[in-house]
Enquirer: 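A single structure is presented below for examination.
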Amino acid sequence: MTMTNAINRRPDWIPASGPQLRVTGVHFDAVRIEGVRGERVAERLVEVTDGDAGPIVCEASGFRWMYFLLAPGEVRRHSWPLGVQQFGGRRIRTVTYIGIPALEGNTWPLQWYSEPTAGCPYVDARGLLDTVWGGGSFGL
């Protein structure tokens, strides 16, 4: 699924072509959820935001991770449930790279589930948490 709300200018952390690695905690923080759980969270988030969920990258092979890209510093401001991996923040001692696809062209094995838009350049952390916990459990 690709968003139709185009952004006027490609953010500098999105590559012009292909997929490229970017360091978390600089241009964005990331939350990662595996497989069907991640897909369901992404689907719900897109639904509750009327299609303007912010940047969500999905991995087309392997574990089928969903990466929700948040504003820098957002990951450490919230308590995340088990099964949700967090990347970014100044207190984290390890450096983590996340694959980011270009907006167009061959980016396999990564693709945009939801692109950043002018109105929503990042996924809203509070909205993501509400979506993850929606229905009373994370066991979506």
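Treat the numbers as computed from the prediction; the structure is a model and nothing was measured.
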Enquirer: Locate the shortest heavy-atom distance separating Arg77 from Pro72; write the atom from each residue and the value.
Expert: NH1-O, 4.4 Å
Enquirer: In the structure I gave you, are the side-chain heavy atoms of Phe28 and Ile98 within less than 4.5 Å of one another anywhere?
Expert: yes
Enquirer: Run Val46 and Tyr113 through side-chain contact (heavy atoms from CB on, under 4.5 Å) and show every step you take.
Expert: CA-CA 9 Å; Val46 167; Tyr113 188 89; 3.7 Å; yes
Enquirer: Taking the inter-plane angle between the rings of His78 and Trp80 on a 0 to 90° scale, is it parallel (under 30°), tilted (30 to 60°) or perpendicular (over 60°)?
Expert: perpendicular
Enquirer: Mind checking the CZ-CD spacing from Arg40 to Glu47? Nearest 0.5 Å is all I need.
Expert: 13.5 Å
Enquirer: Mind checking whether Pro15 and Ile100 have side chains closer than 4.5 Å, heavy atoms only?
Expert: yes
Enquirer: Test of understanding: clusters of I, L, V, M, F, W, Y form through side-chain heavy atoms closer than 4.5 Å, transitively. Do Trp108 and Leu103 belong to the same one?
Expert: no
Enquirer: Just verifying a value: how many Å separate Arg32 CZ and Phe68 CZ, rounded to the nearest 0.5 Å?
Expert: 12.5 Å
Enquirer: How close do Ala118 and Pro121 get, counting heavy atoms only, and between which atoms?
Expert: O-CD, 3.9 Å
Enquirer: Within the distance-only criterion (no hydrogens, no angle test), does the side chain of Trp112 pair as donor or acceptor with the backbone N or O of Ala102 below 3.5 angstrom?
Expert: yes
Enquirer: Less than 4.0 Å between a side-chain N and a carboxylate O, is that true for Arg64 and Glu34?
Expert: no
Enquirer: Determine the minimum heavy-atom distance between Pro55 and Cys120, stating which atoms define it.
Expert: CD-O, 4.0 Å
Enquirer: Is it the case that Thr117 and Asp52 place a side-chain donor and acceptor less than 3.5 Å from each other?
Expert: yes
Enquirer: Between Thr96 and Thr24 (side chain of the first, backbone of the second, donor and acceptor by atom type, cut-off under 3.5 Å), is there such a pair?
Expert: no
Enquirer: Please assess Asp29 against Leu69 for the test side-chain contact (heavy atoms from CB on, under 4.5 Å), listing each intermediate value before the final yes or no.
Expert: CA-CA 6 Å; Asp29 284 356; Leu69 307 183; over 6 Å; no
Enquirer: Compare every heavy atom of Thr131 with every heavy atom of Val41, then report the nearest pair and how far apart it is.
Expert: O-CG2, 3.6 Å
Enquirer: How close do Trp13 and Arg22 get, counting heavy atoms only, and between which atoms?
Expert: O-NE, 2.8 Å
Enquirer: With a 4.5 Å cut-off on side-chain heavy atoms, are Gln111 and Val57 touching?
Expert: no
Enquirer: Nearest 0.5 Å, what's the OH-CG distance between Tyr97 and Leu21?
Expert: 8.0 Å
Enquirer: Is the backbone N or O of Ile14 less than 3.5 Å from a side-chain atom of Arg10, with the two atoms forming a donor-acceptor pair by type?
Expert: yes
Enquirer: Contact between Val132 and Leu45 at the side-chain level, heavy atoms closer than 4.5 Å - yes or no?
Expert: no
Enquirer: Of all the heavy-atom pairs spanning Pro81 and Leu129, show the shortest one and how long it is.
Expert: CD-CD2, 4.3 Å
Enquirer: Looking at CZ of Arg126 and CD of Glu74, how far apart are the two atoms once the value is rounded to the nearest 0.5 Å?
Expert: 10.0 Å
Enquirer: So, do Trp65 and Gln85 sit near enough that their side-chain heavy atoms are less than 4.5 Å apart?
Expert: yes
